[in-house]
Amino acid sequence: MAATTKEELLNEAAREYKALHETLQGLNETQMTEVWLGTWSVRDIVAHIAGWHQEMTPALERLTPGDRPIPEGVSYDDVDGWNERFASARRGRTVADVLLEFDGTHEAFMKAAAAVPLERFQAGKTAWKIVDGNSANHYREHAAQIRPWRSARGI
């Protein structure tokens with residue numbers, strides 16, 4: 001069942017965040033950095049999600065008072081380019097640091113989402129799209145990739 005209210009959307013984000021974390025449990029540094037999804041590892045997956053959190057938290061903060069969420073001249077049309085930029089920026093970091101950043105950026109993102117006024121949260125509207133696309137939907141998408149990889153590896 002799809003979330004229909006702001007509260008349901010935020011609760012769904014929390015559940016999917018927990019589910020994604022569960023898919024990461026027990027993976028060691030070697031497993032987390034093994035490239036298996038094109039040119040990406042699990043660390044890269046987590047890193048790019050943290051990058052999107054970091055990028056979209058200010059968008060939500062701008063939406064709260066009713067401002068335009070995305071700065072003039074910024075475009076997210078090249079999603080693959082942004083994904084790679086976020087993953088590449090974190091490749092030199094340890095898995096532990098990337099996981100800590102993921103947790104911190106998730107917390108900041110959810111706090112910013114919670115502060116957006118209720119009337120701005122309508123399915124299909126900007127706040128809804130930013131939150132769903134960068135939390136529940138994103139977490140679910142990548143957990144669904146990691147689970148079969150783990151299963152195929154017996155880990």
Run the numbers on Glu12 and Arg140 for salt bridge (charged side-chain N to carboxylate O under 4.0 Å, His left out), then give the verdict. CA-CA 10 Å; Glu12 183 181 14; Arg140 192 179 310 112; 2.4 Å; yes
Between Arg147 and Glu22, is there a salt bridge with N-O shorter than 4.0 Å?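 Arg147 and Glu22: not salt-bridged.
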Between Glu61 and Lys111, does at least one N-O distance fall below 4.0 Å, as a salt bridge requires? no
For Glu107, does the CD atom sit with more than 12 other heavy atoms under 6.0 Å from it, leaving out its own atoms? no
With a cut-off of 6.0 Å (strictly less than), are more than 12 heavy atoms of other residues, nucleotides or ligands near CD of Glu29?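 Result for CD/Glu29: enclosed.
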Given the side-chain rings of Phe102 and Tyr17, with only the six-membered ring counted for Trp, is the space between their centroids under 6.0 Å?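 Yes, the ring of Phe102 comes within the 6.0 Å limit of the ring of Tyr17, centre to centre.
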[X] side chain to [Y] main-chain N or O, any donor-acceptor pair under 3.5 Å?
X: Trp82; Y: Asp77; answer: no
X: Asp44; Y: Ser41; answer: yes
X: Thr64; Y: Leu60; answer: yes
X: Glu16; Y: Ala13; answer: no
X: Lys6; Y: Ala114; answer: yes
X: His142; Y: Tyr139; answer: no

Looking only at heavy atoms, which two atoms of Arg120 and Val116 are closest? And how far apart?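 Nearest pair, atom of Arg120 first, then Val116: CB-CG1, 3.8 Å.
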When you look at Trp149 and Leu37, which way does the side-chain contact (heavy atoms from CB on, under 4.5 Å) test go after all the steps? CA-CA 9 Å; Trp149 168 77; Leu37 184 65; over 6 Å; no
Give the cluster check for Trp36 versus Leu20: same hydrophobic cluster or not, with ILVMFWY residues linked at side-chain heavy-atom distances below 4.5 Å. yes
Drop me the distance from Ile146's CD1 to Glu141's CD, to the nearest 0.5 angstrom. 10.5 Å
Give a yes-or-no answer on whether the side chains of Arg85 and Ser88 include a donor-acceptor pair shorter than 3.5 Å. no
Between Asp103 and His21, do the side chains contain a donor N or O and an acceptor N or O under 3.5 Å apart? yes
With Trp52, which of Thr105, Asn83, Asn134 fulfils side-chain hydrogen bond (donor to acceptor under 3.5 Å, both in side chains)? Asn83
Test His48 against Trp40 for ring-ring contact (aromatic ring centres under 6.0 Å, His included), laying out the working first. CA-CA 10 Å; His48 101 278; Trp40 281 16; 4.7 Å; yes
